Q: 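Let me begin by handing over the structure; questions about it come next.
Note that the coordinates shown come from a computational prediction; the quantities given were computed from them, not determined experimentally. Reckoned from all heavy atoms, side chains included, excluding hydrogens, waters and symmetry mates.
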Amino acid sequence: MSRSKTKILAAIILILVIGLCPTAYGANGLIIYTQYPGISAQPGNNITFPLIIKGSGFIDIAVTSIPSGWTAGIYGEGMRVHRVYTSSDVNAEVDLRVQIPSEAKNGSYNLVVQASGAGGTSTLTLNIKIDTNAEGADKIDVQYPSLSGPDTATFSFRGTLYNNSGRPRFYTLGADAPEGWQVSFKPAYQSNQITSLSLEAGKSQDLDIVVQPPTGVKAGKYKITAAAVYGSEVAKADLEVVISGTYRLKLSTPSDRLNADLTAGKEGSVTLELENQGSADLHGINLSASTPTGWTVAFKPDSIETLKSGEKKQVTASITPSAKAIAGDYMVTITASTDETSDSIDIRTTIHTSTLWGFIGVVIIFAVIAWVVTTFRKYGRR
């Protein structure tokens, strides 16, 4: 074979090699490529392409073509970059992060990345196939995303974080929760809390996502979003906590004083305070009293139709001791109750006898003394 034919054959082979290369083409030793230039994703996903650049010296890198409405950026060690440095024995590695709009339709979309330097220019065409059923983005799967219980409960969700990228990643863990709620992360079956973790490419980590509601939170449904953040990419899990109604009623007095001074046979009053310390509203609160024999207790109002969570209301208890009660201490038990809960207090009452009887007693004493004196004078002289 002649030398000219050999050159022509070599040129044809080179053209075929370059034309069949699916990732990149360049000149003078500059090349940009990725291991997976075509992937499938769902609308709204964040996608990362690990890019490798071979060359020498300073190389500018940019996204030169992108579908309308999409966004993309090139990052190196977490920083957005537009230029890299390579040497003959060390390649440059960067990440191309692509945000797919949530309204993207199913279909095939291309992006083009270009690297330019003293050694020439290399371009890389990437293909993303939008498929609503596709998998592959980093994600957090939760076994039971909705839990219910009282406001005093601690809710533990078992989740798994997947690194579906082609590189190790360092994730920061966090949550978006209602004000006052506490959210923490623990490796599954461990007690130590963590705020971040590293995962190798293609690996996963089981996590316990622990949610603590604030004390006294009202009954209802609450949304919490747990997240693992890597750069601009976020893997999320939507959680739901259903707080069932808790019923706690406190009966006391505004001053917490639980004693009263009363007079036998006369009405006295004590101001009571009812507080709903539960997370659910209370309905139909009735008041009753247990008293010594012959005593009466009346309430105003005698019942409360509704006491909302966290609300307080006052009631006047009119206590009338028996007219025959002698001086001393007596116990009156007052109870507030609903169908769901109740509370009671003991009020110690100190009875003082009526001042009328005291006056009558003094009169009797003086009468007796006068009788004795008169009798002594009348019969003492004899």
Side-chain angles (χ1 to χ4, degrees), residues 142 144-157 174-184 209-226 237-262 267-291 295-320 331-349:
V142 177
Y144 302 108
S146 181
L147 300 176
S148 64
D151 62 336
T152 55
T154 297
F155 302 89
S156 184
F157 297 85
D176 181 15
E179 184 177 359
W181 291 61
Q182 303 295 322
V183 181
S184 58
I209 307 169
V210 182
V211 179
Q212 179 67 58
T215 302
V217 64
K218 292 185 177 181
K221 294 182 179 181
Y222 296 85
K223 301 292 184 181
I224 298 97
T225 300
D238 292 325
L239 311 175
E240 180 182 71
V241 172
V242 180
I243 298 295
S244 56
T246 54
Y247 303 95
R248 286 194 293 271
L249 177 64
K250 180 183 178 182
L251 174 63
S252 185
T253 65
S255 63
D256 288 330
R257 179 183 175 185
L258 298 177
N259 63 288
D261 292 328
L262 301 174
E267 180 183 288
S269 63
V270 175
T271 300
L272 307 174
E273 185 174 79
L274 290 165
E275 181 181 3
N276 184 351
Q277 295 185 332
S279 62
D281 295 346
L282 295 173
H283 302 281
I285 302 174
N286 296 309
L287 294 143
S288 61
S290 176
T291 65
W295 292 45
T296 61
V297 179
F299 300 97
K300 187 177 180 179
D302 57 0
S303 65
I304 296 176
E305 183 176 349
T306 300
L307 189 64
K308 295 181 179 180
S309 176
E311 186 179 13
K312 297 180 181 179
K313 285 187 178 179
Q314 291 186 354
V315 174
T316 300
S318 299
I319 305 174
T320 304
M331 199 67 69
V332 175
T333 301
I334 296 177
T335 301
S337 61
T338 68
D339 292 339
E340 298 84 10
T341 185
S342 65
D343 193 26
S344 299
I345 56 172
D346 292 325
I347 297 180
R348 189 184 69 182
T349 59

Q: Do I285 and L251 have side chains that get closer than 4.5 Å, going by heavy atoms?
A: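 Not touching, per the 4.5 Å side-chain cut-off.
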Q: Rounded to the nearest 0.5 Å, how far apart are CG of L147 and OG1 of T154?
A: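 Answer for the CG-OG1 pair, L147 versus T154, is 11.5 Å.
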Q: So, for A317 and V297, which heavy atoms are closest and what is the spacing to 0.1 Å?
A: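 Heavy-atom minimum between the residues: CB-CG1, 4.4 Å.
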Q: Go through the side-chain N and O atoms of N286 and S337 and say whether any donor and acceptor fall under 3.5 Å apart.
A: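 Result is no, nothing qualifies.
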Q: How far apart are the C-alpha atoms of T349 and V270, what are their side-chain angles, what is the distance that settles it, and do they pass the side-chain contact (heavy atoms from CB on, under 4.5 Å) test?
A: CA-CA 10 Å; T349 59; V270 175; over 6 Å; no
Q: Of all heavy-atom pairs between F157 and S146, which one has the smallest distance, and what is that distance?
A: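 In this case the closest contact between F157 and S146 is CE2-N, 4.1 Å.
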Q: Mind listing the closest non-hydrogen atom pair of L249 and D343 along with its distance?
A: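 Between these two residues, the closest heavy atoms are O-CB, 3.2 Å.
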Q: Which residue pairs pass the side-chain hydrogen bond (donor to acceptor under 3.5 Å, both in side chains) test with at least one member in residues 302-314, sequence neighbours excluded?
A: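 Matches after skipping sequence neighbours: H283-T306.
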Q: If we only count heavy atoms from C-beta on, is the I209 to V183 side-chain gap below 4.5 Å?
A: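 Counting from C-beta outward, I209 and V183 do come under 4.5 Å.
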Q: Do the side chains of I224 and F155 get nearer than 4.5 Å, heavy atoms only?
A: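 When only atoms from C-beta onward are counted, I224 and F155 do not touch, as no gap falls below 4.5 Å.
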Q: Are the side chains of I243 and P213 in touch, meaning some heavy atoms are under 4.5 Å apart?
A: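 They are in contact (side-chain heavy atoms under 4.5 Å apart), so the answer is yes.
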Q: Roughly how far apart are R257 CZ and I347 CD1, rounded to 0.5 Å?
A: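 Going from CZ on R257 over to CD1 on I347, the span is 10.5 Å.
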Q: Answer yes or no: is there a side-chain heavy-atom contact under 4.5 Å between I334 and F299?
A: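 Yes; the side chains approach each other to less than 4.5 Å.
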Q: Is a side-chain donor or acceptor of S244 paired with a backbone partner of G149 at a separation under 3.5 angstrom?
A: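 Yes; judged by distance alone, with no hydrogens or angles, the pair exists.
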Q: May I have all residue pairs that pass salt bridge (charged side-chain N to carboxylate O under 4.0 Å, His left out) and include part of residues 239-254, sequence neighbours excluded?
A: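 Applying salt bridge (charged side-chain N to carboxylate O under 4.0 Å, His left out) to every pair that reaches into residues 239-254, excluding sequence neighbours, yields D151-R248, K223-E240.
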Q: Using a distance-only test with no angle check, is there a side-chain donor-acceptor pair under 3.5 angstrom linking E273 and S252?
A: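 Their side chains do not contain a donor-acceptor pair, so the 3.5 Å distance test is not met.
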Q: Could you walk me through whether V332 and L262 pass side-chain contact (heavy atoms from CB on, under 4.5 Å), step by step?
A: CA-CA 12 Å; V332 175; L262 301 174; over 6 Å; no
Q: Can you name the closest pair of heavy atoms from A336 and L274 and give their distance?
A: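 Looking at all heavy atoms of both residues, the shortest contact is CB-CD2, 3.5 Å.
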Q: Do L258 and T253 come close enough that some side-chain heavy atom pair is under 4.5 Å?
A: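 Yes, their side chains come closer than 4.5 Å.
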Q: Can you name the residues that form a side chain to side chain donor-acceptor pair (under 3.5 Å) with T215, not counting sequence neighbours?
A: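 Testing T215 for side chain to side chain donor-acceptor pair (under 3.5 Å), a comparison that skips the adjacent residues, returns none.
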Q: Check V210 against S156 and note the closest heavy-atom contact, atom names and distance.
A: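 For V210 versus S156, the nearest heavy atoms are CG2-OG, 4.2 Å.
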Q: Could you give me the CA-CA distance, side-chain angles and deciding distance for T338 and Y247, then say whether side-chain contact (heavy atoms from CB on, under 4.5 Å) is met?
A: CA-CA 10 Å; T338 68; Y247 303 95; over 6 Å; no
Q: Kindly determine whether V211 and Y222 satisfy side-chain contact (heavy atoms from CB on, under 4.5 Å), including the steps that lead there.
A: CA-CA 11 Å; V211 179; Y222 296 85; over 6 Å; no
Q: Taking T225's backbone N and O only, do any of them form a donor-acceptor pair with D176's side chain (distance below 3.5 Å, no angle check)?
A: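 Flag not set: sc D176 to bb T225 has no pair under 3.5 Å.
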